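Here the structure is laid out as structure tokens; the discussion comes afterwards.
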4 protein chains.
Amino acid sequence: MAEPTSTTTRLEAFSDGVIAIAITLLILEVKIPHVRAGDLASALGDQWPSYLAYVLTFVVIGIMWMNHHRLFELIGRTDRGLLFVNLFMLMGIAFLPFPTALLADYVGDGGANAHVAAAVYSATMTVIGLTFLGIWLYLDRHRELLAPGVDAAVIAGSIRRTLPGPCLYGASIALAFVSAEACLVVYALLAAYFAVNWLPDWIVRKDPAAD
Amino acid sequence: MAEPTSTTTRLEAFSDGVIAIAITLLILEVKIPHVRAGDLASALGDQWPSYLAYVLTFVVIGIMWMNHHRLFELIGRTDRGLLFVNLFMLMGIAFLPFPTALLADYVGDGGANAHVAAAVYSATMTVIGLTFLGIWLYLDRHRELLAPGVDAAVIAGSIRRTLPGPCLYGASIALAFVSAEACLVVYALLAAYFAVNWLPDWIVRKDPAAD
Amino acid sequence: MAEPTSTTTRLEAFSDGVIAIAITLLILEVKIPHVRAGDLASALGDQWPSYLAYVLTFVVIGIMWMNHHRLFELIGRTDRGLLFVNLFMLMGIAFLPFPTALLADYVGDGGANAHVAAAVYSATMTVIGLTFLGIWLYLDRHRELLAPGVDAAVIAGSIRRTLPGPCLYGASIALAFVSAEACLVVYALLAAYFAVNWLPDWIVRKDPAAD
Amino acid sequence: MAEPTSTTTRLEAFSDGVIAIAITLLILEVKIPHVRAGDLASALGDQWPSYLAYVLTFVVIGIMWMNHHRLFELIGRTDRGLLFVNLFMLMGIAFLPFPTALLADYVGDGGANAHVAAAVYSATMTVIGLTFLGIWLYLDRHRELLAPGVDAAVIAGSIRRTLPGPCLYGASIALAFVSAEACLVVYALLAAYFAVNWLPDWIVRKDPAAD
């Protein structure tokens with residue numbers, strides 16, 4: 001039991017690094033318009049989907065970081081399997097600048113391209129949701145990795161609250177072919193859901209420490 | 001009370017990461033000129049707004065990091081609200097490479113585009129200033145998050161010293177439409193103001209520890 | 001003996017930073033297609049080598065991070081030589097976005113360019129493999145740098161397990177000129193080998209701590 | 001005296017972050033050639049200055065990180081002045097991807113552009129050298145910031161060993177207008193000098209701890 005914490009610490013630092021870089025790279029996808037004298041204001045206005053996509057994905061990744069943060073407060077040690085599930089989660093998060101830029105470039109066009117761009121964004125979010133679910137399912141089968149005081153009820157509750165992610169993001173892949181704009185609304189609602197929802201277990205974890 | 005410090009530690013590490021990446025990405029906006037034999041020196045000279053914008057925003061973000069650093073020395077623990085106000089602040093800082101590149105590309109042109117570029121820079125700085133103010137106002141309402149020994153006077157003083165930021169940056173949005181060059185002077189003066197001004201609370205914090 | 005650990009800590013943090021940035025920059029090489037109405041789906045489909053290269057190199061760098069992580073659990077302190085061997089290893093890992101983008105752009109073309117791109121990827125991996133081997137050989141000659149409880153058998157076993165890397169990646173340089181696709185299979189198999197293979201020493205290290 | 005170390009820790013982490021990002025961004029300046037079937041090998045060969053510039057600057061920044069690392073082992077606490085001198089040093093290091101790309105693009109051309117590119121690289125290195133010297137001079141005047149056991153002799157020795165940097169890099173600005181290739185040799189020799197030269201103080205620092 002002695003010092004496997006060090007393992008978790010460095011894994012958290014590496015994950016924080018990847019998430020912090022992915023969130024900060026988003027701005028590179030907001031392009032500087034090159035226009036003639038007097039046209040900058042309207043050119044910047046035409047780029048509204050870029051700003052919207054930046055804000056949306058920034059908040060989404062920020063919430064993922066918070067969830068990841070809470071998650072690892074429940075974990076006492078890691079093993080190879082957990083490292084790999086976490087790596088796949090990071091691969092999904094680090095991929096997000098790509099569908100974000102797709103959305104920014106094509107959602108304003110309407111038509112088939114807007115539908116495809118939204119579907120790619122939805123699919124990426126579905127995969128990331130599945131990796132979060134995968135971490136919880138992995139922990140459910142490897143309870144020896146949990147921090148002291150974390151019990152089966154915490155895991156069951158977490159799985160229950162994580163499940164809507166991949167399901168609803170998955171459903172939004174189909175929705176994308178109906179309306180890309182509707183997908184944006186779904187993304188915002190799901191971000192709000194996860195922003196509100198990650199709190200409960202946090203409290204569970206902090207209660208014993210507060211005594 | 002026991003170990004909520006760990007929460008603050010990882011939040012600081014994540015914030016440091018985002019700020020360090022944003023400050024280092026600035027160089028990507030300084031473009032390599034592609035010119036014919038013998039023309040490099042003058043092409044590099046023509047890019048002076050790029051170097052100026054790099055230096056200005058590098059110092060601005062550096063001072064924000066110092067302020068953020070001092071701020072979190074006053075905070076003992078975090079909650080969800082604080083995580084979100086902090087996330088919005090990071091969203092503003094991570095956005096800065098965009099208005100910096102706009103300024104670099106258009107301030108030398110004069111005319112309407114230079115005014116618009118300066119206004120976008122001013123607006124971004126106003127928003128960031130509001131998020132700093134927001135953190136202090138949030139802490140004022142949630143004093144249980146403060147570190148031991150930090151009292152209401154520290155918060156009140158911080159709010160008073162933070163307030164000129166959003167006000168003056170906000171006023172510079174209007175100034176931008178009069179003179180983009182005047183805005184650059186305002187940015188430099190405000191950077192100097194915040195560079196000098198973040199010290200007092202730092203000392204307040206360090207005094208008790210030094211005893 | 002007292003606190004040379006601090007040295008290792010900061011070296012690990014720096015290495016983690018470089019590896020985390022390199023892995024996250026990979027997404028910048030997946031380009032946004034600029035196409036006319038209705039053509040996005042097929043344009044995205046044509047980019048399959050980009051996604052494949054992203055996933056391959058992300059997993060490869062992820063496994064390198066795990067190996068680096070395990071490696072430094074065996075090291076108690078550093079000296080100048082170790083800092084330099086580690087720096088050369090980081091130089092190789094940070095170079096990977098370049099051959100990854102080459103592979104993504106040219107492997108689908110077939111012909112001579114595909115062979116050259118695969119050869120460059122193989123050569124980069126060979127060099128990185130040699131730097132990992134170099135670290136183990138360096139530690140073998142400077143056993144005073146090892147953590148307490150790590151003996152010659154651990155080092156010998158690590159060298160034995162690291163050796164296939166540079167040898168087989170080196171052989172894949174020749175294979176690249178026969179078939180770029182066959183190289184992709186070799187890369188995947190070697191990634192799987194190193195994913196499975198880094199475990200043993202980890203356990204060796206953890207056993208004493210678990211007592 | 002109690003815990004000002006925490007200040008140093010976060011400053012080191014921020015500096016490490018900026019340096020790690022700057023070193024890893026270098027690869028973005030090595031461009032993927034877009035060529036017709038069969039031309040990739042020769043196009044990659046023509047890019048040799050890019051690889052040389054990558055390796056040179058990677059090693060240069062790596063050695064700067066080592067020097068920064070050693071430097072902060074001698075520092076017990078920070079104040080506002082030190083934060084600013086350090087910020088200017090980071091501004092110089094984070095600027096390096098720009099002159100590195102200039103050198104890569106123009107050193108192979110010969111002629112006036114090669115001379116200008118080398119002069120810009122030399123000038124950047126001169127400025128960075130001055131900031132390192134500035135940190136030592138600042139510490140010489142603020143010895144209360146030094147770690148326990150670090151005396152005036154250590155500072156004097158460090159200033160003496162740091163001085164050749166800005167002087168010789170400064171001289172290489174003039175040399176650049178004679179021969180860009182000669183500058184490359186000077187850069188390599190100075191890198192070797194600083195690689196060898198940072199050791200002495202390190203040992204000074206470690207001796208007492210080893211007792």
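What you are looking at is a predicted structure, and each value in this text was computed from that prediction instead of being measured. To find a chain, count down the sequence lines: A is the first, B the second, and so on, and within it residues start at 1.
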- Query: Considering only heavy atoms, which portion of C:L28 lies under 4.5 Å from any heavy atom of chain A: side chain, backbone, both, or neither?
  - Reply: side chain
- Item | Sidechain-backbone polar pair: A:Y106 side chain, C:L40 backbone, donor-acceptor under 3.5 Å | no
- side-chain contact (heavy atoms from CB on, under 4.5 Å) between C:L44 and A:L102, worked out: CA-CA 10 Å; C:L44 288 174; A:L102 271 186; 3.9 Å; yes
- Minimum heavy-atom distance A:R10-C:H69, with the two atoms named: NH1-CA, 3.2 Å
- Query: Looking at C:T24 and A:A22, what are the two nearest heavy atoms and their distance?
  - Reply: CG2-N, 3.6 Å
- Message: Quick check: closest heavy atoms across C:A20 and A:G17, and the distance to 0.1 Å?
- Response: CB-C, 4.2 Å
- Query: So which part of A:A114 gets closer than 4.5 Å to some heavy atom of chain C, the side chain, the backbone, both or neither?
  - Reply: neither
- Shortest non-hydrogen contact between A:F98 and C:K31, atoms and distance: CE1-O, 3.5 Å
- Task: Name the option with the most non-hydrogen atom pairs under 4.5 Å to chain C; the candidates are A:I21, A:N113, A:V120.
- Result: A:N113
- Could you label the plane-to-plane angle of the C:W65 and A:F14 rings as parallel, tilted or perpendicular, counting under 30° as parallel and over 60° as perpendicular? parallel
- Query: Of all of C:L26, C:V35, C:D39, which one pairs up most often with chain A through heavy atoms under 4.5 Å apart?
  - Reply: C:V35
- What is the minimum heavy-atom distance between C:F58 and A:A94, and which atoms define it? CE1-CB, 3.7 Å
- Message: Ignoring hydrogens, what is the shortest heavy-atom contact between A:F95 and C:Y54? Give both atom names and the distance.
- Response: N-OH, 3.2 Å
- Item | Sub-4.5 Å side-chain heavy-atom contact between A:F88 and C:V55 | no
- Message: Does any part of the side chain of C:L25, heavy atoms only, come nearer than 4.5 Å to the side chain of A:L25, both counted from C-beta?
- Response: yes
- Query: CD1/C:I27 to CD1/A:I93 distance, rounded to the nearest 0.5 angstrom?
  - Reply: 13.0 Å
